[in-house]
Protein chains: 2
Amino acid sequence: MVTVMSASKSEVAYQLVSERINTGAYSPGYRLVLGTIAEELGCSVVPVREAIRRLEAEGLVHFTRNVGATVAQVDSTLYLHTMQTLMIIEPAATALAAHAMDAAWLSKARALNEKMRQCLEDFDPVAFTRMNTEFHQLLYGQCPNPHILDLVQRGWRRLAAMRASSFTHIPYRARESVKEHDGLLDLIESHATPAQIEAACREHRAHTLNSYLKAAGMEPSVI
Amino acid sequence: MVTVMSASKSEVAYQLVSERINTGAYSPGYRLVLGTIAEELGCSVVPVREAIRRLEAEGLVHFTRNVGATVAQVDSTLYLHTMQTLMIIEPAATALAAHAMDAAWLSKARALNEKMRQCLEDFDPVAFTRMNTEFHQLLYGQCPNPHILDLVQRGWRRLAAMRASSFTHIPYRARESVKEHDGLLDLIESHATPAQIEAACREHRAHTLNSYLKAAGMEPSVI
DNA sequence: CGCACACTGATCGTATACGATTTGATGTAC
DNA sequence: GTACATCAAATCGTATACGATCAGTGTGCG
């Protein structure tokens, strides 16, 4: 055979559906029909099934036996639960990644945060959220524990899929957020202990979460 | 139809393989052949495939395209990574579950820990590990955030699948562990804040992890 | 007019079948 | 004796086919 066969069909199906959910082409509640997707991909339903089940395991789609799959609903509770989970795991990942934060890394992070600061004028929530995601990825990206890294990435991915950035709901957080990022980088530059980094990072996340909770008229998170 | 059809075949397959891994009937490295399992279950390979992929998503089996699935290897790094992940998430789950810890709950937890204390004489690592799992389940079980709860349960499940309890490797930790459990319950009884509970619980987990690391001649965890 | 029930179309769950890929073994040349 | 090419068996990946199940609709009865 000449064909390269780089990825299996179920992998292709997974990528396709996954991307469409992320870009919002499939919005929450959208009915994912195996046969339709299979036809579109030019393959049978079997690989599509597998892809859908994988997405289910990741929490991006909801599946009911003998009924079918739909893109997971973004109920406000789900958003909060995901935020809360990230508030616990991401700071830990960042602290564990501290060893990799050298001078080069630091200047890159500073530059990115500076770009975010510039973005504050004529505020564009989407662009800002994208850069915010990138900034945090820079923070936790070098975490040496693959489980934890995976969990953090899934969390962010879920939030992205919800297309409900905090900054859309509570725009004033953007300015505070940039300031807190700087504080975090200062802390890292001064060779703070991992525990200190974790605490500061968690505080940053907690501020965002609690601002959202307050805006929604709810109690702040207990931790 | 008279049949109840309580679970789909892929669900049955999932349960079967999952249990066999947990009980150790399928030990790490064991080759999971779709056809063989299907034959044993009296069904075709398709549902088995789905079950295997689910187990892969949970990290219990390793899957290679066109080659097949094997029960995940328990390399010591994996064990440590799982322990470290749990060290971060479980205390948070416990703190979030604090609201549900009333007098009745407390007496149940005390009773269980007392049983563990009795088990210290003629020490049986397996029985002790089982009770320890139960005790911790009691701690985090009422966590209201389903994501976090799920992550904690997966972590414990993974550790169980590894059949490599800390108490097998470092038996002297058992005695300290029971004492720390009591301390934790005292703290809860005195209506400590969730943050305090989290800190104490994490310290407990950190002690276990670092004892293991020390026994293996490795550096203690940075957080 | 409203409710219960049977029917229908859509969709899922699984079996079977076959092509594709890998792996390990066998044989041959050097 | 070793290295490499070739081959066969085992196993996976996917297509197709058909039975099972569910949601919605229409009809009949109270």
Side-chain angles (χ1 to χ4, degrees), chain A residues 1-21 25-73, chain B residues 1-21 25-73:
Chain A
M1 256 292 218
V2 189
T3 54
V4 191
M5 198 47 134
S6 55
S8 71
K9 305 214 174 178
S10 81
E11 182 64 26
V12 173
Y14 174 81
Q15 298 286 351
L16 180 88
V17 178
S18 174
E19 189 180 316
R20 292 207 176 160
I21 292 177
Y26 292 158
S27 46
Y30 184 92
R31 183 83 189 278
L32 299 166
V33 179
L34 299 185
T36 311
I37 299 172
E39 198 176 346
E40 195 176 347
L41 268 152
C43 73
S44 83
V45 297
V46 183
V48 179
R49 261 187 81 80
E50 211 173 279
I52 298 285
R53 297 308 279 255
R54 271 178 70 188
L55 289 164
E56 188 201 6
E58 289 180 32
L60 268 75
V61 313
H62 178 74
F63 196 92
T64 315
R65 184 171 147 78
N66 286 319
V67 174
T70 55
V71 177
Q73 288 288 351
Chain B
M1 254 299 211
V2 190
T3 52
V4 190
M5 198 47 132
S6 54
S8 71
K9 305 215 173 174
S10 80
E11 182 65 28
V12 173
Y14 174 82
Q15 298 286 350
L16 179 88
V17 178
S18 174
E19 190 181 315
R20 292 209 177 157
I21 292 176
Y26 292 158
S27 47
Y30 183 91
R31 182 85 189 278
L32 298 166
V33 179
L34 299 186
T36 311
I37 298 171
E39 197 176 347
E40 194 175 350
L41 268 152
C43 71
S44 83
V45 296
V46 181
V48 179
R49 262 186 81 80
E50 211 174 277
I52 298 285
R53 297 308 278 256
R54 272 178 69 189
L55 289 164
E56 188 202 6
E58 290 180 33
L60 268 77
V61 314
H62 178 74
F63 196 92
T64 314
R65 182 171 147 79
N66 285 319
V67 175
T70 55
V71 177
Q73 290 288 351

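Order of the sequence lines fixes the chain letters, A, B, ..., with proteins taken first and strands second; residue numbering starts at 1 for each chain.
Out of dG13(D), dT14(D), dT11(D), the shortest distance to the side chain of Ser44(A) is found at dT14(D). Among the nucleotides dG13(D), dC12(C), dT14(D), the one closest to any side-chain atom of Pro47(A) is dT14(D). When the nucleotides dT22(C), dT11(D), dT14(D) are ranked by their closest atom to the side chain of Arg31(B), dT11(D) comes out on top. Nearest nucleotide to the Ser10(B) side chain, out of dT22(C), dC22(D), dT14(C): dT14(C). Between dT14(D), dC12(C), dC12(D), one nucleotide has an atom nearer to the side chain of Ser8(A) than all others, and that is dT14(D). Listed nucleotides: dT11(D), dT23(C), dA15(D). Nearest to the side chain of Val67(B): dT23(C).
In terms of heavy-atom proximity, Pro28(B) sits nearest to Ala72(B) at CB-O, 3.4 Å.
Following rounding to the nearest Å, Leu34(B) (CG) and dT22(C) (P) show an atom-to-atom distance of 16 Å. Atom CZ in Arg53(B) sits about 11 Å away from atom P in dC12(D), given to the nearest Å. As a whole-Å value, the separation of Leu32(A) CG from dA10(C) P is 19 Å. Rounded to whole Å, atom P of dA10(D) lies 13 Å from atom CD of Glu39(B). Counting to the nearest Å, the C1' atom of dA15(D) and the CD atom of Glu50(A) are 14 Å from each other. One can place CZ of Arg65(B) at 7 Å from C1' of dG13(D), the figure rounded to the nearest angstrom. Atom C1' of nucleotide dA15(C) and atom CG of Leu41(B) are separated by 14 Å, given to the nearest angstrom. Asn66(B) has its CG atom 12 Å from the P atom of dA20(C), to the nearest Å.
A salt bridge links Arg54(B) to Glu11(B): one of the charged nitrogens lies within less than 4.0 Å of a carboxylate oxygen. Electrostatic pairing of Glu50(A) and Arg53(A) does not count as a salt bridge here, judged by no charged N lying under 4.0 Å from a carboxylate O.
In this structure, Val45(A) and Gly35(B) both approach DNA chain D, and ranking their closest nucleotides by distance from the 5' end singles out Gly35(B).
With contacts defined as side-chain heavy-atom distances shorter than 4.5 Å, the pair Leu60(A)/Val17(A) does not qualify. For the pair Val71(B) and Ser27(B), the minimum side-chain heavy-atom distance is 4.5 Å or more.
Across all strands, Val33(B) comes closer than 4.0 Å only to sugar-phosphate atoms, never to a base (heavy-atom distances).
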